[in-house]
Peer 1: 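Before anything else, here's the structure in question.
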Amino acid sequence: LSGRTRETRKGSVAIAGDWYSLCQQLFCNSPAADLPGNVAVFMELQQNLASMVQLAAKSGPVDLGKKDSDSTGHPEAYLQIQCRLEEAETHAKQLLDKVLASNGFQAPRLWEESIKDSCLMWSVAVQDLLQSLERLSGRQGLFLLPLRQAVKDQQGLQEGLAQAADVSQRLQEASRLSCLQCGDEQVKGEISFLCREVHVLTDALLDVAPILASFPKPSPSLSTRFDLLCLELTFQAKALTGHLSSINADSEHALQDAFSPRLSVCTDTQTGTESSLERMVSGIQAVQGIVAGGQEPGPCREDLPRALE
């Protein structure tokens with residue numbers, strides 16, 4: 001039985017990963033004088049996780065792909081995320097109760113093991129939550145996969161950095177061009193905000209990744225920060241993409257009609273294709289006119305002709 005328990009614990013430690021190492025640093029391997037600061041750090045981590053769940057809910061419908069067994073857009077997916085968060089919060093409270101009861105002093109061995117067990121349970125619950133959030137993000141985070149793999153394998157970093165930066169830049173440029181076609185000031189404000197968020201998060205991610213990739217065993221606090229940055233950028237990009245899809249829906253339909261005429265409801269394929277192409281050209285010319293006329297103020301105005309091209 002003890003052998004099974006050890007194997008089970010070993011498996012749980014592997015699942016918990018750097019979150020378990022970070023939790024132990026905060027509550028098992030630090031002086032009593034650092035306890036108040038460590039508790040504050042832990043509480044901030046919990047708040048960040050709660051904020052991530054809120055961000056996921058705001059980022060748009062679930063996008064799991066047609067081949068997934070789960071239904072797209074069902075509220076059950078969000079309910080599952082909320083349950084995972086509540087489980088992590090429950091373990092966090094139990095852990096803090098034990099830590100504060102010890103007053104940060106060196107505890108007897110059994111008490112110390114109890115705290116480690118609570119650290120492990122919280123860390124596994126956090127990993128369950130993060131995995132659920134990853135599934136909820138659908139295909140949106142695929143552009144970060146090369147970078148995440150490069151950090152894990154400590155090779156291919158430059159390619160991963162380049163792809164993440166390129167996709168982020170293209171998304172920001174598409175956002176600025178789409179704003180030119182949007183007449184809703186509130187939506188334009190939301191797009192501008194999300195665009196800035198994507199820019200800031202991308203810069204932060206590109207700063208952290210090389211540091212992580214340069215150390216065989218990086219700091220747990222840095223590696224967990226990297227995980228959260230990847231998730232936050234994914235959900236902000238998802239929210240931004242949702243706005244762009246809505247604004248450019250007519251152009252998207254025109255592309256579908258032009259290049260996939262079998263999907264079109266138009267009975268005359270030739271006429272439908274020509275009409276769709278005319279709509280596309282008309283939209284492009286309208287944006288060209290706005291850009292050429294200098295009707296878009298702001299510090300990024302000089303980037304618009306390049307993005308349009």
Side-chain angles (χ1 to χ4, degrees), residues 5 7-24 26-27 38-101 114-142 144-145 148 197 201 220-221 223-239 241-242:
T5 302
E7 286 300 316
T8 301
R9 181 180 178 83
K10 186 176 179 181
S12 298
V13 169
I15 293 172
D18 286 333
W19 289 90
Y20 182 44
S21 301
L22 175 60
C23 196
Q24 285 192 99
L26 292 175
F27 299 129
N38 291 344
V39 169
V41 170
F42 184 77
M43 296 291 288
E44 184 178 356
L45 281 173
Q46 274 297 128
Q47 183 57 51
N48 289 341
L49 293 171
S51 298
M52 199 68 64
V53 171
Q54 293 176 357
L55 181 60
K58 293 178 182 177
S59 67
V62 184
D63 179 17
L64 298 172
K66 294 182 179 179
K67 295 183 180 180
D68 285 274
S69 58
D70 297 325
S71 300
T72 300
H74 278 197
E76 286 83 358
Y78 297 111
L79 183 61
Q80 185 184 54
I81 296 292
Q82 191 63 42
C83 289
R84 294 286 187 272
L85 175 63
E86 290 174 0
E87 184 177 353
E89 289 175 338
T90 297
H91 287 301
K93 183 180 184 304
Q94 293 172 351
L95 172 59
L96 282 179
D97 287 345
K98 289 183 179 181
V99 169
L100 295 175
S114 178
I115 291 179
K116 286 185 177 181
D117 287 343
S118 293
C119 286
L120 181 57
M121 293 177 68
W122 174 79
S123 303
V124 170
V126 169
Q127 288 286 24
D128 285 344
L129 172 61
L130 295 180
Q131 288 175 13
S132 296
L133 287 168
E134 292 279 4
R135 289 193 293 270
L136 189 69
S137 67
R139 295 164 292 180
Q140 189 65 56
L142 291 179
L144 293 176
L145 282 182
R148 301 180 80 164
E197 288 292 297
L201 289 168
S221 61
S223 59
T224 52
R225 171 171 164 75
F226 178 77
D227 290 342
L228 292 179
L229 280 173
C230 286
L231 262 181
E232 187 173 2
L233 177 56
T234 296
F235 283 121
Q236 296 288 22
K238 183 179 180 182
T241 302

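Only heavy atoms go into these numbers, but all of them, side chains included; no hydrogens, no water, no symmetry mates.
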Peer 1: Would you indicate whether the side-chain heavy atoms of L129 and E87 approach each other to under 4.5 Å?
Peer 2: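 Contact flag for E87/L129 side chains = no.
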Peer 1: Using a 4.5 Å cut-off on heavy atoms from C-beta on, say whether the side chain of M43 contacts that of Q47.
Peer 2: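 Answer no - side chains too far apart.
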Peer 1: Measuring from atom CH2 of W19 to atom CG of L120, what distance do you get when rounded to the nearest 0.5 angstrom?
Peer 2: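 Spacing of CH2 (W19) from CG (L120) equals 14.5 Å.
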Peer 1: Do L228 and T224 have side chains that approach each other closer than 4.5 Å (heavy atoms only, starting at C-beta)?
Peer 2: no
Peer 1: Tell me whether M121 at atom CE has more than 12 heavy atoms from other residues, nucleotides or ligands lying less than 6.0 Å away.
Peer 2: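 Count not over threshold, so no.
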Peer 1: Could you go through the side chain to side chain contact (heavy atoms under 4.5 Å, CB included) check for L45 and L22 one step at a time?
Peer 2: CA-CA 11 Å; L45 281 173; L22 175 60; 3.6 Å; yes
Peer 1: Hey, does Q127 have a side-chain heavy atom less than 4.5 Å from the side chain of S123?
Peer 2: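 S123 vs Q127: side chains apart.
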Peer 1: Indicate whether the side chain of S132 and that of R135 have a donor and an acceptor atom separated by less than 3.5 Å.
Peer 2: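 The criterion, which ignores hydrogens and geometry beyond distance, is satisfied for R135 and S132.
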Peer 1: With rounding to the nearest 0.5 angstrom, report the CG to CG distance, L201 to L231.
Peer 2: 11.0 Å
Peer 1: Is it the case that atom CZ in R225 sees more than 12 heavy atoms from other parts of the structure closer than 6.0 Å?
Peer 2: no
Peer 1: Atom CD in E86, atom NE2 in H91: separation rounded to 0.5 Å?
Peer 2: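 These two atoms lie 12.0 Å from each other.
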Peer 1: Any non-hydrogen side-chain atom of Q46 less than 4.5 Å from a side-chain atom of K93?
Peer 2: no
Peer 1: For the atom pair CD (Q131) and CZ (R84), what is the distance rounded to the nearest 0.5 Å?
Peer 2: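 Atom-to-atom, Q131:CD and R84:CZ are 9.0 Å apart.
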Peer 1: Could you tell me whether W122 and F27 have their ring centroids closer than 6.0 angstrom?
Peer 2: no
Peer 1: Heavy atoms, side chains only, cut-off 4.5 Å: are L95 and C23 in contact?
Peer 2: yes
Peer 1: In the structure I gave you, are the side-chain heavy atoms of P220 and Y20 within less than 4.5 Å of one another anywhere?
Peer 2: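 Counting from C-beta outward, P220 and Y20 never come under 4.5 Å.
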Peer 1: Distance from L49 atom CG to E44 atom CD, nearest 0.5 Å?
Peer 2: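 If we round to the nearest 0.5 Å, L49:CG and E44:CD are 11.0 Å apart.
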Peer 1: Nearest 0.5 Å, please: how far is CE in M52 from CG in L136?
Peer 2: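 Spacing of CG (L136) from CE (M52) equals 12.0 Å.
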Peer 1: Using 4.0 Å as the upper bound for N to carboxylate O, is an ion pair formed by R148 and E134?
Peer 2: yes
Peer 1: Can you name the nearest heavy-atom pair linking T234 to S137, along with the distance?
Peer 2: CG2-CB, 3.5 Å
Peer 1: So, for I81 and L133, which heavy atoms are closest and what is the spacing to 0.1 Å?
Peer 2: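 Shortest heavy-atom contact: CD1-N, 3.6 Å.
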Peer 1: Using a 4.5 Å cut-off on heavy atoms from C-beta on, say whether the side chain of V99 contacts that of F42.
Peer 2: no
